[in-house]
Amino acid sequence: MRVTVRYFASMREAMGTSSEVLDTAATTLAQLRAELIARGGSGAEALGTDRSVRMALNQVMSAPGDSLHEGCEVAFFPPVTGG
């Protein structure tokens with residue numbers, strides 16, 4: 001299936017892009033994250049499972065097990081801290 005992936009804040013810097021369209025075999029957010037980690041590089045480090053990463057599916061905060069569907073939009077971003 002084809003999905004649009006958007007990256008925000010430090011995730012955007014690590015991935016070197018703000019968004020990309022991917023063909024993926026992943027059926028959940030966690031599987032998509034694992035696919036992106038498997039690509040390696042600084043993006044893999046930023047999305048690493050030892051990191052706190054927030055995920056949204058079609059602009060709604062979502063859990064790792066939530067299902068992807070054709071044409072959906074996924075967003076990855078670090079937790080927001082305030083000051």
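In what follows, every heavy atom counts, from backbone to side chain, and hydrogens, waters and symmetry copies are set aside.
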Can you find a heavy atom in the side chain of [X] that is under 4.5 Å from one in the side chain of [Y]?
X: M55; Y: P64; value: yes
X: L22; Y: L36; value: yes
X: F76; Y: L47; value: yes

Q: Determine whether more than 12 heavy atoms belonging to other residues, nucleotides or ligands lie under 6.0 Å from atom CD of Q59.
A: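 It does not: Q59 CD has 12 such atoms or fewer within range.
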
Taking [X] for the side chain and [Y] for the main chain, is one N or O donor matched with an acceptor at less than 3.5 Å?
X: S67; Y: T28; answer: no
X: E70; Y: R2; answer: yes
X: T4; Y: V21; answer: no
X: N58; Y: C72; answer: no

Q | Residues R51, E45: salt bridge by 4.0 Å N-O rule | A |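 Counted as a salt bridge, because a side-chain N and a carboxylate O are separated by less than 4.0 Å.
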
Q | Worked check of side-chain hydrogen bond (donor to acceptor under 3.5 Å, both in side chains) between E35 and T24 | A | CA-CA 8 Å; E35 280 187 10; T24 180; 2.6 Å; yes

Nearest heavy-atom neighbours spanning [X] and [Y]:
X: Y7; Y: R12; answer: O-CB, 3.5 Å
X: M11; Y: A46; answer: CE-O, 3.3 Å
X: H69; Y: M1; answer: C-SD, 3.4 Å
X: R33; Y: V53; answer: NH2-CG2, 3.4 Å

Q.
Can you tell me which residue among L68, L57, V74 is in a side chain to side chain contact (heavy atoms under 4.5 Å, CB included) with S62?
A.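 For S62, the side chain to side chain contact (heavy atoms under 4.5 Å, CB included) test succeeds with only one of L68, L57, V74, which is L57.
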
Q | Hphob cluster co-occupancy, F8 + M15, side-chain heavy atoms under 4.5 angstrom | A |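 No, F8 and M15 fall in different hydrophobic clusters.
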
Q | F77-L32 co-clustered via ILVMFWY side chain contacts under 4.5 Å | A |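 Each belongs to a different hydrophobic cluster.
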
